[in-house]
Amino acid sequence: MQQREGAAGGHGGTATEPAPDARPAGDPGTDLGDGEGRTGAEGGPPAADRSAAREPGGEELPRTDAGRQWWQRRGGRSATVSGTLRNSMAERGFPNVDQWQMTTVHHRPVAERKGFAEVAQGYLSEEEVRAEAARCLLCKHPTCISGCPNNNPIPTFLALVVDGRMLDAAVADFEKNSLPACTGRVCNWEEQCEGWCVLNANGEGVRIGAVERYIGDYALRHREEFDRLRAQRTQEELAQGASSYTRTDISPYAATIEAYGSVAVPGYYTEAQAARVLGAAVVPGYEPASAPPEDTALDGLRVAVIGAGPAGLACADMLSHRHAVVVVFDAKPYPGGLLADGIPEFVLPQEVVDRELDRIRSQGVTFRFGETLGENLSIEKLLGEFGAVFVGIGAEKPRRLGVPGEDARGVLTAQDFLRRARRAVVSGSKEELPAVGRRVLVIGAGNTAMDSARTALRLGAEEVRIVYRRTREQSPSRDIEIALSTEEGVHFEYLTNPVAFLTDDGGRLRAARLIRMRLGERDVSGRPRAEPIPGSEFEQPCDTVLLAIGYTVEAVDLGHPEILNRDGTVRTHGEGGTTDIPGLYAGGDLVRGAYTVVHAIRDGRLAADAIGEYLLRHKQGGVGETGTGPSTRTPGLATAAAGTQAC
């Protein structure tokens with residue numbers, strides 16, 4: 001039996017049957033194809049949802065939490081919710097789907113969450129995922145792409161999902177995202193792609209993450225057919241020297257039609273509407289401007305990748321897809337990085353990671369383990385053996401509190417705890433599972449803290465408390481993670497901070513000395529500063545403390561200290577990860593500091609583009625003295641930080 005996301009305490013949604021489209025009384029509708037009016041569907045949200053509050057200046061404010069967050073991301077600016085769709089949900093073939101309410105996502109019931117089986121279930125049928133994808137407005141200026149750090153072609157794969165073309169949708173997504181089955185489980189969609197969806201203005205955004213998870217899993221289950229289709233698309237792209245998905249002169253939907261045929265989504269457009277809205281690109285018989293094919297294949301060119309985490313895997317995937325010979329080196333005895341040992345099995349199953357790795361291996365990528373920079377691996381040697389080197393080592397040095405008793409037996413870093421637990425679960429070695437005792441304190445309130453707390457419960461802890469110095473509103477964790485943790489029995493101690501850890505006569509942890517906090521002036525991060533309240537200290541008995549307060553980059557011996565910043569990160573130029581060393585590229589946490597999986601994937605992909613350009617120029621004799629290729633930027637696609645246009 002599955003539990004719906006709404007019932008699970010997630011973001012919105014209920015287990016009830018969604019209502020059909022409804023037009024508010026007196027609303028005659030508008031010509032949305034010209035970018036006017038409030039919605040891209042014929043109907044709008046129910047009248048009750050349209051009676052939003054107004055700010056003092058008279059602007060209508062969104063009523064939902066997601067809508068208010070969307071409003072804030074736009075800087076409080078009003079904008080029409082208009083897209084290129086002019087049809088109602090019924091005309092699109094989904095009469096029972098509410099344009100403004102998500103198709104609810106399944107979770108494992110709380111009573112069944114005692115072990116390490118995956119909790120989030122996503123969409124379980126093609127009918128569900130097509131219904132959710134059909135809510136997309138196919139905006140002329142897709143804010144979801146701007147909100148995605150990797151600028152995934154979201155409207156393109158959503159349109160193909162609606163048409164039931166799951167493998168085509170996966171091929172489109174793989175154009176930018178090398179690990180969709182993973183990002184579809186661990187990304188912060190609420191703040192990224194989904195958070196930027198214009199439907200949030202008066203309803204719920206499209207559940208892009210759940211759709212991506214579905215097509216990612218679908219591709220891995222149908223590997224042979226998917227590989228054939230992706231290879232076919234790759235040959236076409238290599239022949240024309242560019243990708244249909246990433247063209248900037250036509251909209252994502254028009255690119256989909258060009259790549260996959262004249263009618264990608266039956267019922268969405270008449271030819272006249274499509275031609276009027278998107279231009280000549282969708283008119284039957286349209287031909288792109290002719291240009292001589294470019295030799296963009298990397299046949300036989302060798303690239304070394306250091307680090308088998310998300311950044312390294314993305315770089316290896318993209319380069320090997322262009323027929324480069326790629327060897328990935330990693331200090332650990334297994335690939336995957338954070339995906340393989342930093343996220344619990346009940347969030348990201350090892351089977352999913354292994355399938356992604358098998359797919360990358362099938363493209364000819366080889367892995368060498370136990371290889372550590374500064375010990376048995378050197379940049380200079382690799383640059384002598386390979387045409388280029390990409391370094392994508394993750395930030396894995398845990399931060400410390402610096403309080404008395406932090407080194408006591410029973411005080412562990414969340415990194416070490418999660419790694420030991422996951423590797424024991426994957427190997428089936430119950431005796432290797434870390435012992436936590438009866439009472440556990442987790443310090444910190446990010447996603448790693450939630451993962452640690454939920455893991456501790458599964459290892460037999462009777463009482464698990466998360467201790468955080470700020471309030472729930474300042475917590476860096478995703479709302480759904482907090483909701484799932486609460487459902488499973490985790491307690492929260494907000495405005496509380498540890499000042500010392502106390503031990504018994506044998507040096508074993510027995511309690512934490514905590515102090516109450518209050519919020520003061522804002523600090524450099526923009527959040528209210530947490531200040532201790534004098535005289536409010538108290539003791540909290542505990543058997544284990546898990547420190548989940550973040551990670552930093554550990555010093556890496558690149559043999560070139562001149563390209564390192566003071567914090568140990570690598571200094572690069574442009575988005576392609578180019579360094580001052582000819583042929584050496586870097587990305588992921590090693591450049592950004594500790595960050596997210598999708599940002600690492602973006603860095604790996606852009607570095608692969610830059611490396612490909614560098615190798616081809618070198619092959620053609622066009623590299624100068626410095627040997628560094630130009631910075632690589634994806635044209636026409638704004639990042640979330642750069643802002644976006646109205647839909």
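Positions are given from 1 along the sequence. Basis for what follows: all heavy atoms, side chains included, without hydrogens, waters or symmetry-related copies.
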salt_bridge([X], [Y]) N-O dist < 4.0 Å:
X: Glu132; Y: Arg213; value: no
X: Arg223; Y: Asp358; value: no
X: Asp217; Y: Arg185; value: yes
X: Arg527; Y: Asp523; value: no
X: Arg228; Y: Glu224; value: no

Does a side-chain heavy-atom distance below 4.5 Å link [X] with [Y]?
X: Glu345; Y: Val426; answer: yes
X: Val305; Y: Val365; answer: no
X: Pro153; Y: Ile145; answer: no
X: Ile343; Y: Leu418; answer: no
X: Leu339; Y: Glu356; answer: no
X: Gln363; Y: His321; answer: yes
X: Glu562; Y: Asp580; answer: no
X: Cys182; Y: Val597; answer: no

Handout entry: Aromatic ring pairing Phe386/Phe329, orientation class (parallel under 30°, perpendicular over 60°, tilted between)
Key =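 Judged by the thresholds at 30° and 60°, the geometry between Phe386 and Phe329 is perpendicular.
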
Practice task
Look at the aromatic rings of Phe367 and Phe369 and report parallel, tilted or perpendicular, splitting at 30° and 60°.
Solution key: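 Phe367 and Phe369: parallel rings.
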
Handout entry: Heavy-atom pair of closest approach, residues Tyr585 and Tyr614
Key =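 Closest approach of Tyr585 to Tyr614, heavy atoms only: OH-CB, 3.1 Å.
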
Problem - Nearest atoms (heavy-atom pairs only) where Glu212 meets Asp173 - result: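 In this case the closest contact between Glu212 and Asp173 is OE2-OD2, 2.8 Å.
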
Looking at [Y], is its backbone amide N or carbonyl O close enough to the side chain of [X] to form a donor-acceptor pair, meaning the two atoms are under 3.5 Å apart?
X: Thr455; Y: Asp451; answer: yes
X: Ser475; Y: Ala445; answer: yes
X: Asp567; Y: Val553; answer: no
X: Asn376; Y: Gly370; answer: yes

Pair [X], [Y]: side-chain N/O donor-acceptor within cut-off below 3.5 Å:
X: Gln350; Y: Asp354; result: yes
X: Asn177; Y: Arg605; result: no
X: Asn152; Y: Asn150; result: yes

Handout entry: Cation-pi geometry met for Arg423 and Tyr334 (6.0 Å, 45°)
Key =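 Verdict for Tyr334: a cation-pi partner in Arg423.
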
Problem - Straight-line distance of Leu412 CG to Leu547 CG, nearest 0.5 Å - result: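 The CG atom of Leu547 is 8.0 Å from CG of Leu412, to the nearest 0.5 Å.
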
